[in-house]
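Accompanying notes for the structure given below.
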Amino acid sequence: MTAGGSTLRLTNTLTRRVEPFEPLTPGQVSIYCCGVTVYDLCHLGHARSYIAWDVLRRYLIWRGYQVTFVQNYTDIDDKILNRAAEEGSSMEAVSERNIEAFVADMARLNILPADRMPRATRSLDAIRLLIQELEARGAAYSADGDVYFAVMKHAGYGKLSGRDLSEQQDNASGRVADEEEARKQHPFDFALWKGVKPGEPSFPSPWGPGRPGWHIECSAMVREELGDTIDIHLGGADLIFPHHENEIAQSEAATGKELARYWLHNGMVNVGGQKMSKSLGNFTTIRALLDSGVSPMTLRLFTLQAHYRKPLDFTAEALDAAATGWKGLNAALGLAALREGEPNSADGDTASQVIPVQPSSDPGSLSPELAQERERFAAAMDDDLNTSAALAVLFELAKPLRALANRIERGDQAAAAEATSPEAQARLGLLQELASVLGLRHEQAAAPTTTDGPDDTAIEALIEQRKAAKANRDFASADRIRDELKAKGIELIDKPGGLTEWLRG
RNA sequence: GGCGGCAUGGCCAAGUGGUAAGGCAGAGGAUUGCAAAUCCUUUACCCCCAGUUCGAAUCUGGGUGCCGCCUCCA
């Protein structure tokens with residue numbers, strides 16, 4: 001499928017090349033995205049990853065594909081059990097709570113909910129069936145209640161991560177051999193099923209009570225939800241090995257078919273040049289950042305300014321720059337609401353404002369200039385989702401609209417009339433359309449985050465004093481009042497017509 | 001040690017053979033009693049060395065630096 005004559009090209013980790021994207025079934029795309037292990041809140045690394053894949057999904061829809069997007073929850077895992085033990089609750093309680101938090105966080109970031117979100121604990125039949133098939137094919141062996149995948153029996157193991165078992169062995173065998181290690185035939189063998197340990201929840205199986213290993217759940221859920229071969233498999237670059245390598249081995253050993261045709265991986269979010277991670281303690285949760293006053297769209301813009309495969313350094317400076325940049329785009333996008341007074345986002349509740357992505361509008365109705373901008377956008381996105389270049393198009397589309405919006409805000413009647421012109425409306429329409437492909441939407445100005453300092457009536461009284469001083473051309477007194485309030489975190493903004501607005505800093 | 005990736009202006013970041021997008025910050029100007037906001041204009045030869053080429057940030061070789069994976073991780 002093409003638009004404007006070009007073809008979407010994506011970097012496929014499997015081949016380490018940029019390849020033209022052609023789905024298995026023309027017009028339809030099946031996508032599986034590795035989800036979170038729900039033992040804690042999501043941090044900015046998750047935000048970056050899921051924003052990137054949300055944009056991929058939105059772009060495919062815009063290009064006219066019918067997309068089926070599946071993302072799992074890993075809701076059985078050592079870390080969940082540890083967390084439950086720490087807080088004296090249960091695996092289910094920890095999972096449930098974090099799934100709710102995940103849904104809320106994603107909604108705030110305007111990430112479209114997946115079409116289906118399977119959970120490991122609800123996919124046990126598919127998991128057990130897959131393990132049995134692997135056993136029957138001689139690809140797995142059981143040992144003391146555990147079942148392992150035999151990597152040496154699977155030709156092609158290592159094809160995704162570029163690893164060679166024979167070269168890895170020396171190094172790998174030098175590891176500390178714990179109890180589990182001792183049961184393995186090869187150091188790279190991994191658990192498909194883990195026999196129950198005292199005090200742990202377990203599920204029945206032909207190998208005795210226990211629970212699934214991490215990798216097998218994805219293989220099982222992919223197959224159950226989307227079939228033996230899917231178009232695109234997504235995840236963070238840190239999942240390439242061993243997770244995705246093992247997923248491929250399991251699935252392909254069982255089905256004899258290719259698991260996924262395109263493997264896409266996003267780069268990590270770094271802090272001070274190092275990967276954001278729990279173990280380093282350098283993480284910021286999505287909700288902590290958003291609750292600190294950073295707007296969801298600012299975070300979205302911040303992540304989309306870099307290419308999805310590259311590492312993204314998280315710094316306060318870069319985030320500030322994104323916030324200022326977003327202000328400009330936001331002003332232009334707000335033109336519609338400003339002109340029509342439509343309350344489409346007046347409630348400020350971001351969760352209720354998911355703008356559905358529409359397939360691309362007819363570019364034939366656009367002026368030559370707008371058609372060219374649209375084409376630039378599509379060409380950028382076709383080039384392995386070059387969102388940085390695509391954003392440049394948005395900024396250029398927004399520029400004159402932003403100027404109009406600012407003039408209107410100051411009561412410029414001519415600007416208000418200009419905004420209703422067919423040219424301005426067409427430009428705004430295209431901007432909104434392309435912004436929605438990136439999941440960017442107008443945001444209302446943030447409400448004051450603090451109520452510290454003088455109360456409203458005291459401030460109003462001082463503003464009246466200052467107004468009187470100004471009327472007497474006593475600017476020294478007027479400025480003194482401004483400075484005093486500023487010291488208390490109150491900023492005064494003089495507007496046309498003698499009005500003075502104020503904000504709490 | 002093995003595998004992979006990255007090095008572009010003060011900061012972030014596009015750009016894979018023809019003479020450097022965009023954002024932020026800065027500078028100059030307009031406007032404003034001041035301030036904020038806004039508007040206009042403006043700022044780079046691309047880590048180092050050697051090669052290929054009429055021509056390279058862009059290709060090749062070497063070097064230096066940084067990062068990720070090899071254990072759970074988006």
Side-chain angles (χ1 to χ4, degrees), chain A residues 13 16 18 33-37 39-40 42-53 74 77-79 82 158 161-164 167-172 174-176 178 181 187-188 214 234-243 245 265-270 273-280 283 301-302 304-307 309-315 317-329 331 376 380 383 386-396 399 402-403 405-407 409-410 412 470 473-476 478-479 482-483 486 491-496 501 503:
Chain A
T13 306
R16 309 202 176 283
V18 182
C33 177
C34 272
V36 283
T37 300
Y39 74 104
D40 205 346
C42 288
H43 58 62
L44 299 180
H46 301 103
R48 197 271 171 99
S49 180
Y50 298 140
I51 287 170
W53 306 139
T74 296
D77 162 272
D78 283 342
K79 282 188 286 226
N82 291 342
S161 57
R163 262 156 248 265
D164 185 322
E167 286 179 11
Q168 298 287 318
Q169 199 159 9
D170 287 346
N171 178 47
R175 290 184 201 158
V176 182
D178 63 10
E181 215 61 38
F188 273 23
W214 175 36
L234 305 171
D238 52 357
L239 297 184
I240 295 172
F241 189 90
H243 185 54
E245 192 69 72
H265 293 98
N266 64 273
M268 300 294 99
V269 171
N270 291 165
Q274 282 194 307
K275 177 182 168 182
M276 178 176 286
S277 74
K278 292 279 182 190
S279 54
L280 287 170
F283 62 93
L301 181 65
F302 170 68
L304 294 177
Q305 277 182 310
H307 186 87
R309 300 187 71 240
K310 287 198 174 182
L312 177 62
D313 218 40
F314 175 71
T315 64
E317 295 72 30
L319 204 60
D320 282 347
T324 314
W326 169 243
K327 208 168 79 176
L329 277 182
R376 277 180 64 206
D383 182 16
N386 188 341
T387 51
S388 183
L391 277 169
V393 175
L394 296 205
F395 277 106
E396 279 162 23
K399 200 172 183 181
R402 185 177 58 180
N406 286 322
R407 282 168 59 200
E409 192 175 12
R410 279 183 251 177
D412 185 333
K470 280 170 68 180
R473 304 200 64 79
D474 176 8
F475 297 122
D479 291 346
R482 173 193 288 288
D483 292 342
K486 188 168 189 177
E491 187 181 7
L492 302 185
I493 302 163
D494 292 333
K495 293 283 182 171
E501 292 181 358
L503 295 170

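No hydrogens, no waters, no symmetry mates; every other heavy atom, side chains included, goes into these values. Naming convention: chains lettered A, B, ... in sequence-line order (proteins, then strands); numbering from 1 in each chain.
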Could you please spell out the steps behind the side-chain contact (heavy atoms from CB on, under 4.5 Å) verdict for A/Lys275 and A/Asp238? CA-CA 10 Å; A/Lys275 177 182 168 182; A/Asp238 52 357; 3.3 Å; yes

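When both pairing distances are held under 3.5 Å, B/C47 makes a Watson-Crick or G-U pair with B/G63. Under the Watson-Crick or G-U wobble criterion, with both distances below 3.5 Å, B/G17 is left unpaired in every strand shown. With a cut-off of 3.5 Å on both pairing distances, B/A56 has no Watson-Crick or G-U wobble partner at all. When both distances must be under 3.5 Å, the Watson-Crick or G-U wobble mate of B/U38 is B/A30. Look at B/G10: its Watson-Crick or wobble partner, with both distances under 3.5 angstrom, is B/C24. Pair assignment for B/C69 gives B/G2, based on Watson-Crick or G-U wobble hydrogen-bonding distances that are each under 3.5 Å.
A/Phe395 comes within contact range of the sugar-phosphate backbone alone, with a heavy-atom separation under 4.0 Å but no base atom that close.
Taking the C1' atom of each, B/G2 and B/U58 are spaced 30 Å apart, rounded to whole Å. Comparing the same atom, C1', in B/G4 and in B/G22 gives a spacing of 29 Å after rounding to whole Å. The same atom, C1', is picked in B/A56 and in B/A20; the two are 12 Å apart, to the nearest Å.
Place A/Ala322 and A/Asn386 on RNA chain B by their nearest nucleotides, and A/Asn386 ends up nearer the 5' end. The residue among A/Leu280 and A/Val36 whose nearest nucleotide of RNA chain B is located toward the 5' end is A/Leu280.
Taking 4.0 angstrom as the limit, A/Lys275 places a side-chain polar atom (N or O) nearer than this to OP1 or OP2 of B/C69. Look at A/Lys310 and you'll find a side-chain N or O under 4.0 angstrom from OP1 or OP2 of B/A14. Here A/Arg402 reaches the OP1 or OP2 of B/C39: one of its side-chain N or O atoms lies under 4.0 Å away.
A donor-acceptor contact under 3.5 angstrom links the side-chain atoms of A/Asp494 to the base of B/C34. At a cut-off of 3.5 angstrom, counting only N and O atoms as typed in the model, there is a donor on one side and an acceptor on the other between the side-chain of A/Ser388 and the base of B/A21. Between the side chain of A/Arg482 and the base of B/C34, a donor-acceptor pair under 3.5 Å is found.
Ring geometry for A/His46 against A/Tyr50 counts as parallel: the plane angle stays under 30°, on a 0 to 90° scale with 60° as the upper cut.
Sorted by residue number, the members of residues 46-53 of chain A with any non-hydrogen atom under 4.0 Å from RNA chain B read A/His46, A/Ser49, A/Tyr50.
Residues forming a side-chain contact (heavy atoms from CB on, under 4.5 Å) with A/Ala322 (at least two apart in sequence, or on another chain): A/Thr298, A/Phe302, A/Gln305.
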